[in-house]
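Report on the following structure.
Computed from a prediction, not measured in an experiment: that's the story for all the values here. Each chain gets a letter, A, B and so on, in the order the sequences are listed, and its residues count up from 1.
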Amino acid sequence: VDGAGCRRWLDELSAYLDVQASDSLRAELEQHLAACPDCRVTVDTLRQTLRLVHALSRPPFSPEARQRLLRALPPDPFVHPDSP
Amino acid sequence: MARSGRTMTEAAHRHDPGQDGEEALLDRLRAGDKAACAECIEQHAPAVYRLALRMMGSEAEAEDVVQETFLSAFRAIDRFEGRSGLGTWLFRIAHNTALMRLRRLEPLFVPVDDPGLDDGATPLPRELFDWCCLPERDFETEEARREVEAAVRALPEILRAVFVLRELEGLSTEQTAEALDLSSEAVRTRLHRARLWLRERLSGYFSELARAAPEG
């Protein structure tokens, strides 16, 4: 990554990975990636990073936590505590 | 406007929650229907909890944030104008609640205006070792999973909520902007910088692994 030359592309990488870049931008970026090993590594490892993040399990909101929340509701949860 | 003396109606008892759309649920919440509260919790608490957990880093704190979020939402349901979805509005309350708690827990906590992360030029990547060549089994170990989890938890606060809502919860840019009171452009910038930040952080771990791997 050589600074100014690659910086322009760096800001486009998310759009590129999300397939939101225009066709012309995508073509230009792919041309750059073919010639720039550092940017190619950045794109590949960024893609892999997102894959790993998406593979994380979703922490569950346990039935016990749900019960505690329901029990915490006051008899009338629609009454503001400051109201008369 | 605060309500008082509202009790659950017989109609609410008879209600079939499975037939409700969001509008109907909101109508029932506005009418003070307690069964609608339980339904709202059932639908939205898991996602609100995930945001709270990523923000707070502790299950107990996250549970407290969820509780405060729903209580605040039910009390303020008359002020919900419906410009965003109910879920987006709940995220907004949860995010604000979590920020307030973080400030109480860490008085020196400064969640906004880190120019290095939000403004100016995107920091250039420093870790440029290609670790994608690692065998798949190296990405599937418990240690690797913990590294990824820790990396998300360590995201700078200014980037974390955007990343969680946009990347992990699948909200659109516009919904995330609405939930966090940001411009769409700020959401796009923060999401991009969060991704690059995580890449940099995980590159430290996986590059070591790749360098230590036997040739061949």
Side-chain angles (χ1 to χ4, degrees), chain A residues 1-18 20-21 33 36-84, chain B residues 2-7 29-30 32 34 37-38 41-42 45-50 53-54 59 62-63 66-67 70-71 74-78 121-122 124-132 139-140 144-145 147-149 151-152 163 167-168 188-189 191-192 195-196 198-199 201-203 206-207:
Chain A
V1 180
D2 68 3
C6 298
R7 188 180 290 284
R8 179 193 161 201
W9 301 113
L10 183 63
D11 287 331
E12 307 295 346
L13 293 187
S14 273
Y16 175 71
L17 290 178
D18 293 341
Q20 289 174 343
L33 291 177
C36 180
D38 285 350
C39 282
R40 205 163 54 244
V41 167
T42 303
V43 170
D44 289 345
T45 50
L46 186 56
R47 188 182 282 119
Q48 184 72 334
T49 294
L50 295 182
R51 191 177 76 86
L52 293 170
V53 165
H54 289 151
L56 288 176
S57 58
R58 296 179 138 203
F61 188 60
S62 68
E64 294 77 19
R66 183 177 163 279
Q67 281 308 315
R68 281 193 290 274
L69 174 55
L70 288 171
R71 279 200 300 271
L73 293 179
D76 190 340
F78 299 94
V79 176
H80 192 280
D82 299 332
S83 63
Chain B
R3 295 167 186 275
S4 61
R6 185 86 62 178
T7 56
L29 286 171
R30 290 188 183 109
K34 270 190 80 179
C37 293
I41 286 168
E42 189 71 39
V48 169
Y49 174 73
R50 289 193 295 270
L53 186 59
R54 303 283 191 204
E59 291 177 8
E63 241 192 81
V66 173
Q67 188 171 316
F70 279 93
L71 287 177
F74 294 149
R75 286 176 195 136
I77 196 70
D78 276 345
T122 307
L124 289 170
R126 285 170 300 170
E127 293 278 358
L128 293 168
F129 189 85
D130 188 357
W131 43 271
C132 293
F139 295 117
E140 293 172 348
R145 193 200 60 74
E147 280 294 327
V148 178
E149 188 67 58
V152 173
F163 185 80
E167 194 80 55
L168 301 181
R188 276 189 282 270
T189 300
L191 176 66
H192 183 51
R195 288 170 165 184
L196 290 172
L198 286 171
R199 189 209 73 89
R201 159 110 181 197
L202 290 179
S203 289
F206 287 112
S207 295

Quiz item: Is any side-chain heavy atom of A:Asp38 less than 4.5 Å from a side-chain heavy atom of B:Pro125?
Solution: no

Quiz item: Under a 4.5 Å heavy-atom cut-off, does chain A meet the side chain of B:Phe163, its backbone, both or neither?
Solution: side chain

Practice problem: Of all the heavy-atom pairs spanning A:Leu46 and B:Arg195, show the shortest one and how long it is. | Solution: CD1-O, 3.5 Å

Exercise. Please report the shortest heavy-atom distance between A:Phe61 and B:Ala45, naming the atom on each side.
Key: CE2-CB, 3.6 Å

Exercise. Check step by step if side chain to side chain contact (heavy atoms under 4.5 Å, CB included) holds for A:Leu73 and B:Ile41.
Key: CA-CA 11 Å; A:Leu73 293 179; B:Ile41 286 168; 4.1 Å; yes

Quiz prompt | Heavy-atom pairs under 4.5 Å with chain B, option from A:Pro37, A:Pro74, A:Ser14, A:Pro60 with the top count | solution = A:Ser14

Quiz item: Is there a donor-acceptor contact under 3.5 Å from the side chain of A:Arg7 to the main chain of B:Thr122?
Solution: yes

Practice problem: Using non-hydrogen atoms and a 4.5 Å limit, figure out which bit of B:Arg188 sits close to chain A: side chain, backbone, both or neither. | Solution: neither

Quiz item: Between A:Arg51 and chain B, which part of the residue has a heavy atom less than 4.5 Å away: side chain, backbone, both or neither?
Solution: side chain

Exercise. Please state whether the side chain, the backbone, both or neither of B:Glu147 comes within less than 4.5 Å of a heavy atom of chain A.
Key: neither

Practice problem: Could you pull out the closest heavy-atom pair between B:His192 and A:Leu10, with the gap in Å? | Solution: NE2-O, 2.7 Å

Exercise. Measure distances from B:Phe139 to the heavy atoms of chain A and classify the residue's part below 4.5 Å as side chain, backbone, both or neither.
Key: both

Quiz item: With only heavy atoms counted, which part of A:Arg58 is less than 4.5 Å from chain B, the side chain, the backbone, both or neither?
Solution: both

Quiz item: Hey, which of B:Arg126, B:Glu127, B:Glu149, B:Glu59 has the most heavy atom pairs under 4.5 Å with chain A?
Solution: B:Glu149

Quiz item: Using a cut-off of under 4.5 Å for heavy-atom pairs, which of A:Val53, A:Leu17, A:Leu70 has the most such pairs with chain B?
Solution: A:Val53

Quiz prompt | Min side-chain heavy-atom separation A:Thr45-B:Phe206 under 4.5 Å | solution = no

Quiz item: Going by heavy atoms in the side chains, are A:Arg47 and B:Cys132 under 4.5 Å from each other?
Solution: no

Quiz prompt | B:Leu53 versus chain A, the contacting section by heavy-atom distance below 4.5 Å | solution = side chain

Exercise. Identify the two heavy atoms, one from B:Trp131 and one from A:Leu52, that lie closest to each other, and give their separation to 0.1 Å.
Key: CZ3-CD1, 4.2 Å

Practice problem: Decide yes or no for A:Gln48 and B:Arg199: does some side-chain heavy atom of the first lie under 4.5 Å from some side-chain heavy atom of the second? | Solution: no

